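Quick notes on the structure that follows.
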Amino acid sequence: MAEEMLPSGYEPKDVEARWRRHWEEDKTFTPDPDGPGEGYAIVIPPPNVTGALHIGHALNLTLIDVLIRYARQKGKNVLWVPGTDHAGIATQNVVERALAREGKSRHDLGREAFIDRVWQWREEYGHRILDQISALGCSVDWTRLRFTMDEGLSRAVRRVFVQLYNEGLIYKGDYIINWCSRCHTALADDEVEHEDSAGHLWHIRYHLKDSQESLVVATTRPETIPGDTAVCVHPEDERYSRFIGSKVILPVLGRELPVIADSYVDREFGTGCLKVTPCHDHNDWMLGKRHNLEFLQVIDENGMMKAESGPYVGLSKEECRKKIVEDIEKAGDLVKVEPLTHAVGHCYRCHTVVEPHVSTQWFVATTKLAPQARAAVPALTKIFPESWIKTYYHWLDTIRDWCISRQIWWGHRIPAWTCQDCGKLIVSEETPEKCPACGQNHLLQDEDVLDTWFSSSLWPFSTMGWPDKTKDLKRWYPTSVLVTGFDIIFFWVARMMIMGQHFLGEVPFKDVYLHALVRDAEGRKMSKSTGNVIDPVLMIEKYGCDALRFTLTAFAAMGRDIRLSEDRIEGYRHFVNKLWNAARFTLMNLAGISPRACDPAKVTGLHHIWILHRLEEVKDEVSGALENYRFNDAAQACYKFLWGAFCDWYLELVKPDMQSNDAQRKEDAQYVLLLVLREILVLLHPIMPFVTAEIWAALPGSDKYPELARVGYPEARPQCKRPDEARAMEFLQEVIVSVRTIKAELNISPGKKVRLLLQPVDEAQKELLLSNQEVIMQVARLEEMHVDLALQAPRASASAVAFGCQIVVPLRGTVDLAGELTRLDKQLAKLEKNLLNVNRHLQDENFLARASEEVVAREKATSCDLLDKKEKLLAMRARFAEALAEEKS
RNA sequence: GGACAGUUAGCUCAGCUGGUGGAGCAUCGCCCUUACAAGGCGGGGGUCACAAGUUCAAGUCUUGUACUGUCCACCA
């Protein structure tokens, strides 16, 4: 590929496909655990196997890939494990929907056939998300691809379950849990989404048993009345204190209920009188336990009223609500109904209203495990941005035990068996042959499967072969950083911390970087129903992967959401194109040469010294930014350097060198040009792997050095840091810009060559101007340049001042002379404003006394410069005004 | 009810340790200058949400207010 000319337009599609194939076949990203370099590992947040790449994944994966590729450049031994999650409920739902289209339910198939069907589905569609990860250019190690239901990972799940059970940290019990009657399964607390919804507050009269008096309770759920087993008031509520200990009659059903007192009750809310339904409300459950109340379940797992509800048996809970309100109204006990907005729990998967439900479930005693995970932050694991630490603490501080059993089919089946003969519960990694207690073999495995997040919580070590003592684990655990969205800090991050510490004795990652959410241009969440999704796959097709990646990186400022719209991606495609064209220019001028050894610190030529100086700066900026997860800064630094310095200035400045007959001069320029391009390609490669790799391969002599994905981060070149020369270059740039501005503002065509007269402040400046005369003349488009320490400028001239040097462009009759006066006045006004600001400080005694010497000196210098410039401009303006007046007369 | 963000140019956002307000896009003017019109050059545009405080000096630190957003929480 070497030394070919690049085509005139960058065609991402072919290029990307070619490099992807190459990297995969070459196993470029498969590390050797015995290889050199410090270990650096990131595990992918495993996307759902049913998923399609959305923009959130794209952001997440891009940022990880940037870190991963950068770490490789820094000589680390880098592992990125890819994989997918079996996503229990989500996947089951997807397959069930497919079945429904055939008019079947999973029950028609039966458990085994259904699970086969899910595996089949995975075979067919599970690679889609993986292909998309690849399309995004992720440099994962495909040889280590994992799936949470793999044999190895399943073994890890069983090992963890059994050990926790034996340690008493997993237990089985009757509890009130969140029940989704559509998914037909328990949900963990954080799988319930609370949403405000408009409801009603029914005020209902409960008559006292032994008196004519009554209590009015307020409820949002009258259908649970049959399950009431007490009425509760606040112990210090004077309105009700006399009723405590007496009995009330349950409306319609007529049962007797005790009146109890508990400070849990909010006296301000409703009537201050609460009906207690222990089986159908989390708080009432708590009250029931505390006061030893009866537990009466009246709604079943399908949302239907049970026999215990008496006359309402067989109704749905919605029908029951209507009916029971009618009945109470008929009896004259409905005091009033008021509208109420309150939070109602919904299933995070299917959005059905969640019903608190009492049932037998398995739990992990996270209350016991949480303190260790809490203590690890920030000592062992740092969280970026820090603002999330509090949230992390708060969640662990208020955690309840984690309900891990799910009444679905797709997932890790709980490794627990009950002996049908003697009732013994056996928890074992392997399927037991017979009951260890009675020796019979009538064993029945628990029907439930584990919460998907159970296997996810093991991901950092299960993917590395645990529980075996593998080389990978030794080398790469704990991982270096976890990069993920803050939305799964509880689901996933905290639980990985818990499991990692418990089973490996070490936190699973040293850093956690929580990135933002990607929103649409209006700041709304992207969702299919709103129709505002930006499909990353489509963006890659339209604009190329590198443009998408650069956009996401450039917007990834810490702790802030990203508002993305398609035209931003389109905008950054221009940047990709700019790089491409800069490379084309470079190659044009490098035809036939091969890189030769040369000491860049010895190169003469101010523009070379300057660009090499800037290159050192940008190298520091990029590495500093990436090491602190400041992705946007890294992208910005590259952008500014490539476009603002390299393309806008340097490429223009070397053109005269390239046309020169001086072979040495041309060679030097070629050398520096190639060097700078190569290093900027390396810097950009983590963000834009494809276009940079493609250009790299086309550079002269590319067959002699490794491909870009294997090239290290450029070494610092301290001898090239030359701030004084860089400053001198800035002076020349300002001279050139001044000429351009004069032309533009006086309507002189930019291509029109003009005469330039310069009056430098001293010999050094004069020398500087003279030695760069050719460049200035070309870039500023001059026909003549005259430098004179004692310049006698013609009065009819446009003028400016840069670094004290007077810049004069004599005007001929063709231009609008009056324009120059307004131009100068505008400049003077701006100058005056600045001067006022600076002098306000300098005239303030407090400032002079208290500000640091350094600052005072700087302000004084600025003031002098401004004053000098002002005087020079004023003098020029005066002479010009005279000339103008003469001309008029 | 608690916690956490955000409020800077028409739009989207940078601005880390306090020292004369930046970028991209958009806009206006001039240019086909042999890498790039997906481009070049130049210009215009901001009492940095509001108020008080600390300081010689505040977009930057403190407190409060307003609005926006997110998360958590059992108000029946």
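Here the structure is a predicted model, which is why all the values come from computation and not from measurement. Below, chains carry the letters A, B, ... as their sequence lines are ordered, and counting in each starts from 1.
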message: Using only atom types and a distance under 3.5 Å, with no angle test, would you say the side chain of Asn747(A) pairs donor to acceptor with the backbone of Lys743(A)?
response: no
message: If you define the side chain from C-beta out and look only at heavy atoms, does anything of Glu859(A) sit under 4.5 Å from Phe847(A)?
response: yes
Out of C11(B), G19(B), C74(B), whichever nucleotide has its closest atom nearest the side chain of Phe847(A): G19(B)
field: Nearest-Å distance once atom C1' is located in both C50(B) and A58(B)
entry: 15 Å
- prompt: Nearest to the side chain of Asp266(A) - G42(B), C4(B), C75(B)?
  reply: C75(B)
task: Consider the side chain of Arg568(A), meaning its heavy atoms from C-beta on, and name the nucleotide among C36(B), G40(B), U12(B) that approaches it most closely.
output: U12(B)
message: Side chain of Asn837(A), heavy atoms from C-beta onward: which of A23(B), U20(B), A76(B) has the nearest atom to it?
response: U20(B)
- request: Run the numbers on Ser863(A) and Asn839(A) for side-chain hydrogen bond (donor to acceptor under 3.5 Å, both in side chains), then give the verdict.
  value: CA-CA 7 Å; Ser863(A) 172; Asn839(A) 286 346; 3.0 Å; yes
Residue-phosphate contact under 4.0 Å: Lys743(A) side-chain N/O, G43(B) OP1/OP2: no
query: More 5' along RNA chain B: Leu835(A) or Thr271(A), using each one's nearest nucleotide?
result: Leu835(A)
task: Grab the CG-P distance between Leu564(A) and C25(B) for me, whole Å please.
output: 16 Å
- prompt: Given the side-chain rings of Phe384(A) and Tyr513(A), with only the six-membered ring counted for Trp, is the space between their centroids under 6.0 Å?
  reply: no
task: Look at the side chain of Phe585(A) and decide which nucleotide, out of G29(B), C74(B), A35(B), has an atom nearest to it.
output: A35(B)
query: Given atom OH of Tyr392(A) and atom C1' of C71(B), what is their separation to the nearest angstrom?
result: 17 Å
statement: Out of C30(B), C75(B), C4(B), minimum distance to the side chain of Pro750(A) belongs to C30(B)
task: For G18(B) versus G53(B), give the span between their C1' atoms, rounded off to a whole number of Å.
output: 15 Å
Nucleotide of A76(B), C36(B), G42(B) approaching Ala744(A) most closely (side-chain heavy atoms): G42(B)
task: Tell me whether the guanidinium CZ or amine NZ of Arg740(A) lies under 6.0 angstrom from the six-membered ring centre of Trp649(A) and within 45° of its axis.
output: yes
- prompt: Using purine N1 to pyrimidine N3 plus N6-O4 or O6-N4 for Watson-Crick, or N1-O2 and O6-N3 for G-U wobble, each under 3.5 Å, what pairs with U68(B)?
  reply: A5(B)
field: Exercise: do Glu694(A) and Tyr10(A) side chains pair donor with acceptor under 3.5 Å
entry: no
- line: G53(B) -> Watson-Crick or G-U wobble partner, both distances under 3.5 Å, gives C61(B)
query: Can you tell which of A76(B), U20(B), C36(B) lies closest to the side chain of Asn577(A)?
result: C36(B)
query: Is G10(B) paired to anything, Watson-Crick or G-U wobble with both distances less than 3.5 Å, and if yes, which nucleotide?
result: C25(B)
message: Just the rounded figure in Å: distance from P of G22(B) to OH of Tyr639(A).
response: 18 Å
- prompt: How far does the P atom of G42(B) sit from the matching atom of C25(B), given to the nearest Å?
  reply: 14 Å
field: Nearest-angstrom distance from the residue atom CD of Glu621(A) to C1' of G15(B)
entry: 14 Å
field: Paired nucleotide for C36(B) [Watson-Crick or G-U wobble; both distances under 3.5 Å]
entry: none
- request: Confirm from the modelled atom types if Tyr264(A) and C75(B) form a donor-acceptor pair under 3.5 Å, side chain to base only.
  value: no
- prompt: Contact class for Leu866(A) vs. all strands (heavy atom < 4.0 Å): base, sugar-phosphate, or nothing?
  reply: base
query: Among U12(B), G44(B), A76(B), which nucleotide sits nearest the side chain of Lys826(A)?
result: G44(B)
statement: To the nearest angstrom, the NZ-C1' distance between Lys640(A) and C13(B) comes to 13 Å
message: Using atom P in both nucleotides, what's the gap between A37(B) and A5(B) to the nearest angstrom?
response: 46 Å
task: May I have the distance from His282(A) (atom NE2) to C75(B) (atom C1'), rounded to whole angstrom?
output: 15 Å
message: Between His282(A) (side chain only) and Pro356(A) (backbone N and O only), is there a donor and an acceptor less than 3.5 Å apart?
response: no
P atoms of U7(B) and U60(B), separation to the nearest Å: 11 Å
message: Between C4(B) and Lys390(A), counting only base atoms on the nucleotide and side-chain atoms on the residue, is there a donor-acceptor pair under 3.5 Å?
response: no
message: Expressed as a whole number of angstroms, how long is the span from His574(A):NE2 to G39(B):C1'?
response: 10 Å
query: When you check the side-chain N and O atoms of Asp266(A) and His234(A), is any donor under 3.5 Å from an acceptor?
result: no
query: Is Asp567(A) touching bases, backbone alone, or none of the nucleic acid, heavy atoms closer than 4.0 Å?
result: nothing
task: For Glu652(A) and for Glu745(A), find the nucleotide of RNA chain B with the closest heavy atom, then tell me which residue's nucleotide is more 5'.
output: Glu652(A)
- request: Would you classify Cys232(A) as touching base, sugar-phosphate or nothing, given that sugar-phosphate means primed atoms plus P, OP1 and OP2, and contacts are heavy atoms under 4.0 Å?
  value: nothing
- prompt: What's the closest nucleotide to the Trp643(A) side chain, out of G39(B), C11(B), U70(B)?
  reply: G39(B)
task: Could you state the atom-to-atom distance from CD1 of Ile534(A) to C1' of U12(B) in whole Å?
output: 12 Å
task: Please state the C1' separation for the pair G6(B) and C48(B) - nearest whole angstrom.
output: 14 Å
